[in-house]
Structure formats: structure tokens, C-alpha cells
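Just so it is clear, the model here is predicted, and its values are computed rather than measured. Residue indices begin at 1 and follow the sequence shown.
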Amino acid sequence: MERRLSTVALLCVGVSTSAVAAETNLKGWAVRCDAPVCRASKPSASGLQALMVGRFETGDGLAIGLATPGAVADRDRPMTLRIDGRRVADLAPKSGHLPLERVEAFWITDTGVVRTVVEALPTAKSVRFEYIDVTGAPHDADVDVAGFADMLAWSDRELGRTTAKPIGVAPRGLEAAPNPGRAALVVRMGVPPRLLSKHVSASDCEAPNSPLLRAFKPVIGVLSSTAILYSIPCTASQGNVSYRLWVVESGEIGGITAQYFALFDPTYGWKGSDLLHNVAYDEAAGRLTATHRAGGGCGGRGVWRWKNWAFAMEEYRMAGDCVEGSDPGGWPKVWPKD
């Protein structure tokens, strides 16, 4: 855990290549000064976030932010801020907090709030940010702020200043963060640990990090504002990769639901399966495609579309004549019949 926390802290202050930059780790704070700027960060208890402090002013001004590399905050939702358990503010998107420089780095832009925070930090014990990440999951980022005064004094020495009383300010000179869109950030976060644990315990699939499956990535897609599709590799054989599919919902009726699909077998007819082969998801169309090649051009191909709470089949095709190199999109239809 210590190694993970240190990695998060260093990620948040950035990696310096300047020969004159000074860096230290002081009572859990990772600090870097490259005059006239100093940056510091301290990881949260979970290691998924880090409190950020930036000295971007020529005076005593300190900017405050939260880095969320392990659970990227939704930039369009508010954050609740507490100091020593006391609710200080609800930070509204844009006017209260804003991602700057990086998609996971959020800074407090409400000057009144940041002043309150900085005035409290020298004697405070903890800071908590409560927020919702891009997948809709709630998080409490708890940071023990012990050592804040020591960190500030060290940066004073590096900058040749004496800070009589730190003042909270909005960050200056930082570029707006890129906005790749929610879907890209959801994919970037990968499979949630709670889902991965359920997948491993509820199925006979190979471990996703096994030598056999390590090369195959999950297929992740946003289905709606509250539902996300996670297709996790299960087995790999003869050029086919099977996936077990899950939908994670964060709305009023949240939860994790395994998905089941109708597949056609020429011998036994229709059957249900919790596995699909070689899946692809087109988010713009809300369309899921799975293609299984049995060898020599034989196989089956299904297409489903997400409709509110479940996948509805649009078509199922099957090739039994084994024409090598045939296009699955042109295989004979099993359903619906033309």
C-alpha cells in the first residue's frame, strides 16, 4: 500500500526534469519546488486520490485541488467538502471546481471556499472530498493533513519566503484539462474492482491476468447515463475469445447484472448463454455484435441493441457451409426470417 500511495503522490506533483528543481517527501507530502512555483500532494486513505496544494502566486497564495487518478471524478457533478467532519461547502461544477491540466486533476475555483480551507489546514486533522466518479460510483477521499505546516515551511525555504499567514486563492496559469468525453474516461478506468471480484467468483472463466488472457482487453461501453457494459475475457481458443458480459448500473436501482443471450445451434435450436465470442460494441448506435467462427468459415453472428434495461436481439446469422473467408454480415439469417 505504501508504494501505491507514494506513486499517487508523485503522479500528482508531476515529474521534474529541471536540474534546479527541489523535491522531498515530508510527513507523507510529496513536494516539488521549481521557483517560483511549488506543488505538493498527499494521498487519500484509499490511495485512489490525493490532495493537491499549489503555490502559483508570488505571495502567500495557495491553491487547493483533488487529483483522482484511481477513480476519475465526474466533472459535471458537485463535490462535497468536509474539514474534520464539518461540512464546509458543496462545490458546483465549473464555478466551484474545475479540471485543469489533466482530466483527473480538479482544483477549487470558488475563492471563498479555498480561503476557508487554507485558513483551516494549519490546525486541521483531515479533509474529505465526497464525489461521484465517471462510472456513477460514490467516493469519499479522506486525507490526513498532518504535516501541512512543515510542508509549507519547507517550500518557504526553497522559495526564499516567509509565509506569515497562508491565503487561499484560485489557481492561476493552469490550462484547461482535455475533455475526452465520459465514455473515454470510463474505458480508461477499466473494470471496477468490485465487478472483477464478482466475475472471478461467479464464473469458471480463466483469470483475466492469466498468460492466456493477458493480451485481450475488456470491451467497455456506456449504455446510458446510469448503465455501463463490461465485457470481460473468459477463455481463448482457436482464434476465438469468449467474454462474460455484465451491466453495472448506478441509478435508483443500482447493481451488477450478468447478461444472458439467445444463441442458435443447428442441432438443438435456440439456447441461452452467458458467453459471447469476439464481442464489439458500437456506442453511437448502442449496438453489440458477437461473432463465433468454428473454423473454415462456419459460425454464428448475433447483433443486439440496448433498449432501456436489456439487450434486444436485432438479428442472428449462421453459416453452415464453411466457405473460407466469408463475410459474417452476409451469412444466412436465422432470425428474423426475411
Task: salt bridge (Lys or Arg N to Asp or Glu O under 4.0 Å) against Asp110, all qualifying residues, sequence neighbours excluded - done: none
- [ ] Measure the shortest side-chain to side-chain distance between Asn179 and Val103 over non-hydrogen atoms and say whether it is less than 4.5 angstrom.
- [x] no
- [ ] Ignoring hydrogens and angles, tell me if any N or O in the side chain of Asp84 forms a donor-acceptor pair with the backbone of Ser126 under 3.5 Å.
- [x] yes
Open item on the list: Same cluster or not: Ile64 versus Val31, using hydrophobic residues (I, L, V, M, F, W, Y) connected whenever any side-chain heavy atoms lie under 4.5 Å apart?
Closed with: yes
Task: Residue list, ring pair (Phe, Tyr, Trp, His ring centres under 6.0 Å) with Tyr316, at least two apart or on another chain - done: Trp270
Task: Close side-chain approach of Val222 to Ser224, heavy-atom, < 4.5 Å - done: no
Task: Salt-bridge present (Arg39, Glu101; N to O < 4.0 Å) - done: yes
- [ ] Treating Ile, Leu, Val, Met, Phe, Trp and Tyr as nodes and any side-chain heavy-atom pair under 4.5 angstrom as an edge, say whether Val88 and Leu91 lie in one connected cluster.
- [x] yes
Task: Side-chain (Ser231) to main-chain (Pro218) donor-acceptor, under 3.5 angstrom - done: no
TODO: State whether the side chain of Thr80 and the backbone N or O of Asp90 hold a donor-acceptor pair below 3.5 Å, judged by distance alone.
DONE: no
Open item on the list: Contact between Ile167 and Val118 at the side-chain level, heavy atoms closer than 4.5 Å - yes or no?
Closed with: no
Open item on the list: For Leu152, is there any backbone N or O sitting under 3.5 Å from a side-chain donor or acceptor partner on Ser155?
Closed with: yes
- [ ] State, to 0.1 Å, how close Ala63 and Ala170 come at their nearest heavy-atom pair, and which atoms those are.
- [x] CB-C, 4.4 Å
Open item on the list: Restricting to ring pair (Phe, Tyr, Trp, His ring centres under 6.0 Å), what partner residues turn up for Tyr131, sequence neighbours left out?
Closed with: His139
Open item on the list: I'd like to know if the side chain of Ser44 and the backbone of Gln49 have a donor-acceptor N/O pair within less than 3.5 Å.
Closed with: yes
TODO: Consider only side-chain N and O atoms of Ser242 and Thr235, and report whether a donor and an acceptor are under 3.5 Å apart.
DONE: yes
TODO: Give the cluster check for Val169 versus Leu174: same hydrophobic cluster or not, with ILVMFWY residues linked at side-chain heavy-atom distances below 4.5 Å.
DONE: no
Task: Asp76: partners by side-chain contact (heavy atoms from CB on, under 4.5 Å), with sequence neighbours left out - done: Asp74, Lys94
Task: Closest approach of Ala89 to Val113 (non-hydrogen atoms, all atoms of both residues) - done: CB-CG2, 3.7 Å
TODO: Using modelled atom types only, decide if a donor and an acceptor are shared between the side chain of Arg317 and the backbone of Gly329 within a distance under 3.5 Å.
DONE: yes
Task: Value rounded to 0.5 Å, distance of CG in Asn240 from CG in Leu276 - done: 12.0 Å
- [ ] Nearest 0.5 Å please: distance from the CZ atom of Arg55 over to the CG atom of Asp60.
- [x] 6.5 Å
Open item on the list: With heavy-atom distances below 4.5 Å as the criterion, would you say the side chains of Gln238 and Arg293 are in contact?
Closed with: no
TODO: Mark yes or no for whether Ser197, through its side chain, and Pro193, through its backbone, hold a donor-acceptor pair below 3.5 Å.
DONE: no
Task: Separation between CH2 of Trp309 and CG of Leu223, rounded to the nearest 0.5 Å - done: 14.0 Å
Task: Results of ring pair (Phe, Tyr, Trp, His ring centres under 6.0 Å) for Trp335 - residues two or more places apart only - done: none
TODO: State yes or no: do Leu51 and Val114 share one hydrophobic cluster built from I, L, V, M, F, W and Y residues joined by side-chain heavy-atom distances below 4.5 Å, directly or via other members?
DONE: yes
TODO: Compare all side-chain heavy atoms of Met52 with those of Trp107 and state whether any distance is below 4.5 angstrom.
DONE: yes
TODO: Starting at SG of Cys38, measure out to CZ of Phe56 and round the result to the nearest 0.5 Å.
DONE: 10.0 Å
Task: Euclidean distance, His277 NE2 relative to His292 NE2, rounded to 0.5 Å - done: 4.0 Å
TODO: With sequence neighbours excluded, tell me which residues meet side-chain contact (heavy atoms from CB on, under 4.5 Å) with Pro99.
DONE: Arg75, Phe106, Ala177
Task: Close side-chain approach of Leu121 to Pro166, heavy-atom, < 4.5 Å - done: no
TODO: Please name all residues satisfying side-chain contact (heavy atoms from CB on, under 4.5 Å) with Thr135, sequence neighbours left out, ordered by chain then number.
DONE: Asp133, Ala137, Val186, Met189, Ile228, Tyr230
Give every donor-acceptor pair under 3.5 Å between a side-chain atom in residues 259-266 and any protein atom, sequence neighbours left out.
residue, atom, partner, partner atom, Å
Gln259, NE2, Thr257, O, 3.1
Asp265, OD1, Thr267, N, 2.7
Asp265, OD1, Tyr268, N, 3.1

Task: Verdict with supporting geometry, Leu245 and Leu288, side-chain contact (heavy atoms from CB on, under 4.5 Å) - done: CA-CA 11 Å; Leu245 287 78; Leu288 174 71; 3.7 Å; yes
Task: Candidate pair Glu104 and Arg188, rule salt bridge (Lys or Arg N to Asp or Glu O under 4.0 Å), full reasoning - done: CA-CA 11 Å; Glu104 76 278 4; Arg188 171 177 169 168; 3.2 Å; yes
Open item on the list: Let's go through Asp156 and Arg161 carefully: what are the C-alpha distance in whole Å and the side-chain angles of both, what is the deciding distance for salt bridge (Lys or Arg N to Asp or Glu O under 4.0 Å) to 0.1 Å, and is it a yes or a no?
Closed with: CA-CA 5 Å; Asp156 267 348; Arg161 302 177 190 167; over 6 Å; no
Task: Closest non-hydrogen atom pair between Ser95 and Ala92, with its separation - done: OG-CB, 3.5 Å
Task: disulfide (SG to SG under 2.5 Å) pairs, two or more places apart, involving residues 64-166 - done: none
TODO: Indicate, with yes or no, if Leu100 and Val37 share a hydrophobic cluster defined by side-chain heavy-atom contacts under 4.5 Å among Ile, Leu, Val, Met, Phe, Trp and Tyr.
DONE: yes
Task: Glu119 and Thr116: side chain donor to acceptor below 3.5 Å - done: no
TODO: Supply the atom-to-atom distance Thr24 OG1 to Trp29 CH2, rounded to the nearest 0.5 angstrom.
DONE: 13.5 Å
Task: Contact check, side chains of Arg128 and Val143, non-hydrogen atoms, under 4.5 Å - done: no
- [ ] Compare every heavy atom of Arg305 with every heavy atom of Ala285, then report the nearest pair and how far apart it is.
- [x] O-NH1, 2.5 Å
- [ ] Without swapping roles, check the side chain of Ser46 against the backbone of Leu48 for a donor-acceptor pair under 3.5 Å.
- [x] yes
Task: Near-ring test Trp306/Tyr281, centroid separation under 6.0 angstrom - done: no
Open item on the list: I'd like to know whether Glu130 forms a side-chain contact (heavy atoms from CB on, under 4.5 Å) with Arg82, so could you lay out the CA-CA distance, the side-chain angles of the two residues, the decisive distance to 0.1 Å, and finally the verdict.
Closed with: CA-CA 8 Å; Glu130 300 169 358; Arg82 298 181 188 271; 2.6 Å; yes
- [ ] Say whether Trp246 and His199, considering side chains only, have a donor N or O and an acceptor N or O under 3.5 Å apart.
- [x] yes
TODO: Quick one: closest heavy-atom pair of Gly28 and Lys42, and the distance?
DONE: O-CG, 3.4 Å
Open item on the list: Phe148: which residues meet the ring pair (Phe, Tyr, Trp, His ring centres under 6.0 Å) condition with it, sequence neighbours left out?
Closed with: none
Open item on the list: Under the rule for salt bridge (Lys or Arg N to Asp or Glu O under 4.0 Å), what residues qualify as partners of Lys217, not counting sequence neighbours?
Closed with: none
TODO: Just grab all the salt bridge (charged side-chain N to carboxylate O under 4.0 Å, His left out) pairs involving residues 273-287, residues at least two apart or on different chains.
DONE: Arg244-Asp274, Arg287-Glu314
Open item on the list: Has His97 got a side-chain atom pairing as donor or acceptor with Leu66's backbone, closer than 3.5 angstrom?
Closed with: no
Open item on the list: Keeping Asn278 on the side-chain end and Thr291 on the backbone end, is there a donor-acceptor pair under 3.5 Å?
Closed with: yes
